[in-house]
Amino acid sequence: MLSMTQIKKYRTQLHELSLKPLPEGNSRREAERRLIAQWRGFVPDKSIGRQLYQSFTDEELIAILKEAFDRLGHAPVQDDIFCFYRTYIKHRFVTWPAALKAAGLSHVLDNRIGLVTAEEFEKIENAEPEIRALLIRLTERWAELGYPPKRKEFPESESLKQRFGSWGNALHAAEEFEQWQLAYNEKAARPFSPEDELCLRELKDKARVLGRTPLKTEIHVETRCRLRICCGSWDTVLQRAGLSPMEGDALAQAQWDEKQRQRAGEESLYRIPDLEPEYWEILEEILTLTKKLNRAPMKEEIDPGQRKWLQERCSSWRNALYQVGVAALTKQETAKVKTEKRDLRKRQKETELY
């Protein structure tokens, strides 16, 4: 895990990169690919990139969009945002329209479709099932990688290149098709195959485990692709599963929940619905202590007997804190707290001597 000093250093480096001209390339996309290849560690699927991405709050990412709006005079399209910031924004808010909505900019969206007209998208939706499926797979592959896929990273790239004239055009079409589908009022739901039903069951099972609507990024990419190919937009997928899209506090809580699961790694986090009152009594005391300390307590700050009792019932200390919405301290955070407490004791002793 990176220390706060290291994260600050990388964020400064990222900011400086955003102010420099892009490397030379035949197109903006090519130039961005060169930059991403050069700084591959900043992409969220890498350890440093994931921690760097997680260090940005929703408010900081929204501020990037608002700054672009103030500078441009219109709602920014994805090419208006520095490639790494754009990737972080899409990871956090899933789709570009959702990000603009969170920033309060959805009302100033440009209604033009761009390279592909709305009429052509409707034709693809209703009369070109193979191209429709490929565009959906491309957007999901993009979300999985965290950056625009190269042709060699998408096996069916040649088909899309032939359909749209170039790979760059195909990438633009995939982006815009996803946005168009969000606004498209589908006239009829497509029938589900047995394989589709299995994917829908996987989504429902995940919802039961989590106790809420899963975020798109919490579902396997293959499952997302199949369900979106059948249903179109992710919102329609959720409707078919009997789930509701999340927003506001519910969305923020789900994003916090996902972050804790990522930090837990192999360690399992789950809600315990039948937790006995005596355990809740201890957890309430821990929650009170958390508010007093303004951080999660360290293990040694809790009565050893109570801590052992909780860990046995909840499988782990992290999962015990998870029951009351408290994130357990990382090793680095624990070390920092210990250092601060040691320094405080040292200063107190020096004061007593004088």
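Quantities reported herein were computed from a predicted structural model and do not represent experimental measurements.
The two residues Leu171 and Arg33 come nearest to each other via the heavy atoms CD1-NH1, 4.1 Å. Here the closest non-hydrogen pair linking Ala174 and Thr139 is O-CG2, 3.1 Å. Considering all non-hydrogen atoms of both residues, Trp317 and Ile302 come closest at CH2-CG1, 3.5 Å. Scanning all heavy atoms of the two residues, the minimum distance from Ala296 to Ala328 falls at CB-CA, 4.3 Å. The heavy-atom pair separating Leu105 from Leu65 by the smallest distance is CD1-O, 3.9 Å. Counting all heavy atoms, side chain and backbone alike, Met246 lies closest to Ala254 at CE-CB, 3.5 Å.
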> Going through the distances and angles, do Ser193 and Arg226 end up as a side chain to side chain contact (heavy atoms under 4.5 Å, CB included)?
Replying inline: CA-CA 10 Å; Ser193 68; Arg226 179 175 283 277; 3.9 Å; yes
> Does the salt bridge (Lys or Arg N to Asp or Glu O under 4.0 Å) test come out yes or no for Arg163 and Glu128, once each step is laid out?
Replying inline: CA-CA 11 Å; Arg163 173 63 176 81; Glu128 299 182 50; 2.9 Å; yes
> Would Arg261 and Asp257 satisfy salt bridge (Lys or Arg N to Asp or Glu O under 4.0 Å), going step by step from the backbone distance to the final call?
Replying inline: CA-CA 6 Å; Arg261 292 173 185 280; Asp257 192 36; 3.4 Å; yes
>> Show, in sequence, the C-alpha distance, side-chain angles and deciding distance for Thr217 and His91, and conclude whether the side chain to side chain contact (heavy atoms under 4.5 Å, CB included) test is met.
In response: CA-CA 8 Å; Thr217 49; His91 261 65; 5.6 Å; no
>> Pair Arg132, Gln181 - check side chain to side chain contact (heavy atoms under 4.5 Å, CB included), show working.
In response: CA-CA 11 Å; Arg132 176 182 182 275; Gln181 278 191 316; 3.9 Å; yes
>> Would Val326 and Ile286 count as a side chain to side chain contact (heavy atoms under 4.5 Å, CB included) here? Give the steps.
In response: CA-CA 9 Å; Val326 175; Ile286 290 175; 5.7 Å; no
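No side-chain heavy atom of Arg212 sits less than 4.5 Å from a side-chain heavy atom of Gln253. Contact of the Lys206 side chain with the Ile219 side chain is registered, since non-hydrogen atoms from C-beta on lie closer than 4.5 Å. The closest side-chain heavy-atom distance from Glu202 to Glu222 is not below 4.5 Å. In this structure the side chain of Cys230 never reaches within 4.5 angstrom of the side chain of Val237, judged on heavy atoms. Using a 4.5 Å heavy-atom threshold, the side chains of Arg86 and Asp79 count as touching. Looking only at side-chain heavy atoms (C-beta outward), Gln54 and Arg50 come within less than 4.5 Å of each other. No side-chain heavy atom of Leu134 sits under 4.5 Å from any side-chain heavy atom of Leu138. Side-chain atoms of Arg307 and Gln311, non-hydrogen and from C-beta on, do get closer than 4.5 Å to each other.
The hydrophobic clustering, which links ILVMFWY residues whose side-chain heavy atoms are closer than 4.5 Å, places Leu329 and Leu289 apart. A continuous path of ILVMFWY side-chain contacts below 4.5 Å connects Leu269 to Trp256, so both sit in one hydrophobic cluster. The same ILVMFWY cluster, assembled from side-chain heavy atoms under 4.5 Å apart, contains both Val43 and Ile7. Cluster membership for Val324 and Tyr279, using ILVMFWY side-chain heavy atoms within less than 4.5 angstrom, is shared. Grouping the Ile, Leu, Val, Met, Phe, Trp and Tyr side chains by contacts below 4.5 angstrom, directly or via other members, places Leu215 apart from Leu238.
For CD of Glu197, the number of neighbouring non-hydrogen atoms (other residues, nucleotides, ligands) closer than 6.0 Å is greater than 12. Annotation: Asn294, atom CG; neighbour count of heavy atoms from other residues, nucleotides and ligands within 6.0 Å does not exceed 12. Annotation: Asp249, atom CG; neighbour count of heavy atoms from other residues, nucleotides and ligands within 6.0 Å does not exceed 12. Within a 6.0 Å sphere centred on NZ of Lys216, heavy atoms belonging to other residues, nucleotides or ligands number more than 12. More than 12 heavy atoms of other residues, nucleotides or ligands sit less than 6.0 Å from atom CD of Glu195. For CZ of Arg271, the number of neighbouring non-hydrogen atoms (other residues, nucleotides, ligands) closer than 6.0 Å is greater than 12.
A cation-pi contact links Arg240 to Phe192, judged by a cut-off of 6.0 Å to the six-membered ring centre and 45° from its axis.
Judged as a ring pair (Phe, Tyr, Trp, His ring centres under 6.0 Å), and not counting sequence neighbours, the contacts of Trp39 are Phe42. For Tyr322, there are no ring pair (Phe, Tyr, Trp, His ring centres under 6.0 Å) partners, not counting sequence neighbours. Residues satisfying the side chain to side chain donor-acceptor pair (under 3.5 Å) test with Glu312, not counting sequence neighbours, are none. With sequence neighbours excluded, no residue forms a ring pair (Phe, Tyr, Trp, His ring centres under 6.0 Å) with Phe164.
No donor-acceptor pair closer than 3.5 Å links the side chain of Trp180 to the backbone N or O of Thr117. Although no hydrogens or angles enter the test, the distance criterion places a donor-acceptor pair under 3.5 Å between the side chain of Gln323 and the main chain of Tyr270. With Thr213 contributing its side chain and Ser244 its backbone, the two residues share a donor-acceptor pair below 3.5 Å.
In this model, no donor atom of one side chain and acceptor atom of the other lie less than 3.5 Å apart for Gln51 and Ser55. Between the side chains of Glu130 and Ser159, no donor N or O sits under 3.5 Å from an acceptor N or O.
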Listed pairs under 3.5 Å, donor-acceptor, residues 337-347 side chains, sequence neighbours left out:
{"unit_1": "Lys338", "atom_1": "NZ", "unit_2": "Glu300", "atom_2": "OE2", "d": "3.3"}
{"unit_1": "Thr339", "atom_1": "OG1", "unit_2": "Ala335", "atom_2": "O", "d": "2.9"}
{"unit_1": "Lys341", "atom_1": "NZ", "unit_2": "Glu301", "atom_2": "OE2", "d": "3.1"}

Output side-chain donor-acceptor pairs under 3.5 Å for residues 150-157, partner residues at least two apart or in another chain, one line each.
{"unit_1": "Arg151", "atom_1": "NH2", "unit_2": "Glu158", "atom_2": "OE1", "d": "2.6"}
{"unit_1": "Glu153", "atom_1": "OE1", "unit_2": "Lys150", "atom_2": "N", "d": "2.8"}
{"unit_1": "Glu153", "atom_1": "OE2", "unit_2": "Tyr147", "atom_2": "OH", "d": "2.5"}
{"unit_1": "Ser157", "atom_1": "OG", "unit_2": "Arg151", "atom_2": "O", "d": "3.3"}
{"unit_1": "Ser157", "atom_1": "OG", "unit_2": "Phe154", "atom_2": "O", "d": "3.3"}

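Rounding to the nearest 0.5 Å places CD1 of Ile229 at 10.5 Å from CG of Leu135. To the nearest 0.5 Å, the span separating OH on Tyr85 from CG on Leu17 amounts to 8.5 Å. In this structure, CD1 on Ile272 lies 5.5 Å from CG on Asn319, to the nearest 0.5 angstrom. For the atom pair CG of Leu243 and CG of Asp235, the computed distance is 11.5 Å after rounding to the nearest 0.5 Å. The line from OG1 of Thr223 to CZ of Arg228 is 13.5 Å long, rounded to the nearest 0.5 Å. The distance from atom CG of Leu310 to atom CG of Leu283, rounded to the nearest 0.5 Å, is 5.0 Å.
Using a 30° and 60° split on the angle between ring planes, Tyr53 and Tyr88 fall in the tilted class, from 30° to 60°.
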